[in-house]
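First the structure, in the form of structure tokens, and then the observations on it.
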Amino acid sequence: MFEVLQLQARAQGLALREPPTEPTTCCGRGCNGCVWEGYLDAAEYWRQEALLQIDPVNFA
């Protein structure tokens, strides 16, 4: 998703901020408030922000 949106933005002459980085500290025990939950929230926010900037008419 990140790569596709970044490529589309570049094709339209836009520069998006860097997407969130994947966490490296997950213990794998399914904790409530896992670092992956925060990452997925941040990734969704990044996606929504990117889509607001990209012209949907020119989305390839």
Side-chain angles (χ1 to χ4, degrees):
M1 166 188 67
F2 295 139
E3 184 178 341
V4 169
L5 290 173
Q6 287 174 320
L7 288 172
Q8 186 59 39
R10 277 189 221 113
Q12 294 182 21
L14 302 171
L16 301 175
R17 67 181 176 88
E18 288 296 314
T21 56
E22 289 188 10
T24 58
T25 58
C26 179
C27 65
R29 292 187 298 226
C31 303
N32 187 21
C34 177
V35 293
W36 283 102
E37 291 175 20
Y39 169 75
L40 292 174
D41 287 343
E44 177 59 17
Y45 182 84
W46 185 94
R47 184 186 75 84
Q48 290 177 15
E49 187 179 61
L51 289 172
L52 287 172
Q53 296 178 57
I54 295 173
D55 181 3
V57 173
N58 295 315
F59 197 82

Under a 4.5 Å cut-off applied to non-hydrogen side-chain atoms, are Val4 and Gln8 in contact? no
CD1-CD distance between Ile54 and Glu49, expressed to the nearest 0.5 angstrom: 11.0 Å
same_hphob_cluster(Leu40, Leu5) at 4.5 Å side-chain heavy-atom cutoff: yes
What heavy-atom pair brings Cys31 and Cys27 nearest, and what distance separates the two atoms? SG-SG, 3.6 Å
Is the shortest side-chain heavy-atom distance between Trp46 and Arg17 below 4.5 Å? yes
Counting heavy atoms not belonging to Phe2, are there more than 12 under 6.0 Å from its CZ? yes
Hydrophobic clustering (ILVMFWY, side-chain heavy atoms < 4.5 Å, transitive) - are Leu16 and Leu51 grouped together? yes
Main-chain N/O of Asp55 paired with Gln12 side-chain donor or acceptor, under 3.5 Å: yes
Are the side chains of Pro19 and Met1 in touch, meaning some heavy atoms are under 4.5 Å apart? no
Might you point out which heavy atoms bring Tyr39 and Pro20 nearest each other, and give the distance in Å? CE1-O, 3.6 Å
Considering residues, nucleotides and ligands other than Gln48, do more than 12 of their heavy atoms fall under 6.0 Å from its CD? yes
